[in-house]
Trainee: 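Below are the structure tokens for one structure; questions will follow.
Every chain is numbered from 1 and lettered A, B, ... according to where its sequence line falls, protein lines coming before strand lines.
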Amino acid sequence: GAVVSQHPSWVICKSGTSVKIECRSLDFQATTMFWYRQFPKQSLMLMATSNEGSKATYEQGVEKDKFLINHASLTLSTLTVTSAHPEDSSFYICSARARTGLANYGYTFGSGTRLTVV
Amino acid sequence: QKEVEQDPGPLSVPEGAIVSLNCTYSNSAFQYFMWYRQYSRKGPELLMYTYSSGNKEDGRFTAQVDKSSKYISLFIRDSQPSDSATYLCAMTSNYQLIWGAGTKLIIKP
């Protein structure tokens with residue numbers, strides 16, 4: 001089945017530094033990638049949607065200059081948290097939808113990245 | 001009012017019991033309905049998806065959709081401790097997923 005590889009699975013960084021999270025679709029072409037964050041005991045919150053080769057569309061309240069999304073190829077999307085601060089500590093998850101638009105709307109998720117900013 | 005309502009639980013049941021998880025929604029435009037399972041510190045995993053009203057069965061799992069009542073359910077038969085996880089419902093229109101809050105399920109051995 002479709003697999004999305006996300007790494008790192010966890011990262012600790014100092015306040016003010018930047019962190020890059022990668023998501024790769026291993027056996028399919030991901031025309032659309034979604035980035036979510038999830039706070040403890042809460043549901044997923046969509047941050048942005050990116051289509052390959054296009055600029056990402058950010059949800060209201062998400063700072064696009066802080067959360068840089070690149071979707072340069074059909075198999076790779078990255079999220080860079082710039083100048084991270086402790087309040088950015090969260091669980092970040094990517095999700096991919098295949099080119100053929102899976103009839104079952106089977107969005108495939110990465111395993112998530114736990115970011116801790118100290 | 002949220003578009004999708006889901007009781008966060010936790011729901012604790014003994015091993016072997018039948019589990020019923022539910023979501024209600026307000027947007028009649030939703031077309032596809034999905035259930036995801038999420039283990040702690042992992043990404044969601046698609047369990048079931050349905051399109052039309054009615055039941056869909058897959059092993060121990062049954063997904064039910066009632067579009068007239070705007071109500072969906074996931075039933076788990078012969079529940080196992082390994083089923084302990086957070087279950088999220090999700091539904092879609094315009095290719096964007098709208099999520100429930102997730103129900104934390106605990107299966108006691």
Trainee: Start with the C-alpha distance between B:L97 and A:Y36, add both sets of side-chain angles, then the distance that settles side chain to side chain contact (heavy atoms under 4.5 Å, CB included), and finish with yes or no.
Mentor: CA-CA 11 Å; B:L97 287 181; A:Y36 295 86; 4.0 Å; yes
Trainee: Consider only side-chain heavy atoms of I, L, V, M, F, W and Y, link residues closer than 4.5 Å, and tell whether B:Y51 and B:Y49 are in one cluster.
Mentor: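 In one cluster with B:Y51: B:Y49, yes.
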Trainee: With only heavy atoms counted, which part of B:Q6 is less than 4.5 Å from chain A, the side chain, the backbone, both or neither?
Mentor: neither
Trainee: Could you check whether atom NZ of B:K104 has more than 12 heavy atoms from other residues, nucleotides or ligands sitting under 6.0 Å from it?
Mentor: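 No.
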Trainee: For a quick test of reading the model, state the closest non-hydrogen atom pair linking A:S43 to B:G100 and the distance between them.
Mentor: OG-O, 2.5 Å
Trainee: Suppose we screen for side-chain hydrogen bond (donor to acceptor under 3.5 Å, both in side chains). Which residues come up paired with B:W35, at least two apart in sequence or across chains?
Mentor: none
Trainee: What part of A:Q6 is in contact with chain B, defined as an atom under 4.5 angstrom from a non-hydrogen atom: side chain, backbone, both or neither?
Mentor: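 No part of it gets close to chain B.
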Trainee: According to a 4.5 Å side-chain heavy-atom criterion applied to Ile, Leu, Val, Met, Phe, Trp and Tyr, with indirect links allowed, do A:V19 and A:M33 form part of one hydrophobic cluster?
Mentor: yes
Trainee: Return yes when atom NZ of A:K66 has more than 12 non-hydrogen atoms of other residues, nucleotides or ligands closer than 6.0 Å, and no otherwise.
Mentor: yes
Trainee: Quick one: salt bridge (Lys or Arg N to Asp or Glu O under 4.0 Å) pairs with a partner in residues 15-44 of chain B, sequence neighbours left out?
Mentor: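 Those involving residues 15-44 of chain B are B:R37-B:E45.
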Trainee: Under a single-linkage definition using a 4.5 Å side-chain heavy-atom cutoff for Ile, Leu, Val, Met, Phe, Trp and Tyr, are B:F75 and B:L46 assigned to the same hydrophobic cluster?
Mentor: no
Trainee: Count I, L, V, M, F, W, Y as connected when their side-chain heavy atoms are under 4.5 Å apart, and connections chain through other members. Are B:F30 and B:Y71 then in the same cluster?
Mentor: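 Looking at the clustering, B:Y71 is in a separate group from B:F30.
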Trainee: Any chance the rings of B:W99 and A:F34 have centres within less than 6.0 Å?
Mentor: no
Trainee: Please classify the contact of A:T49 with chain B as side chain, backbone, both or neither, using a heavy-atom distance under 4.5 Å.
Mentor: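 When you check distances to chain B, only side chain atoms of A:T49 fall under 4.5 Å.
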Trainee: Mind checking ring-ring contact (aromatic ring centres under 6.0 Å, His included) for B:F33 and listing every partner two or more places apart, or none if nothing turns up?
Mentor: B:Y25
Trainee: Using non-hydrogen atoms and a 4.5 Å limit, figure out which bit of B:P44 sits close to chain A: side chain, backbone, both or neither.
Mentor: both
Trainee: Under 4.5 Å, heavy atom to heavy atom, which residues of residues 83-94 of chain A contact chain B?
Mentor: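 At a heavy-atom separation under 4.5 Å, chain B is reached by A:F91, A:I93.
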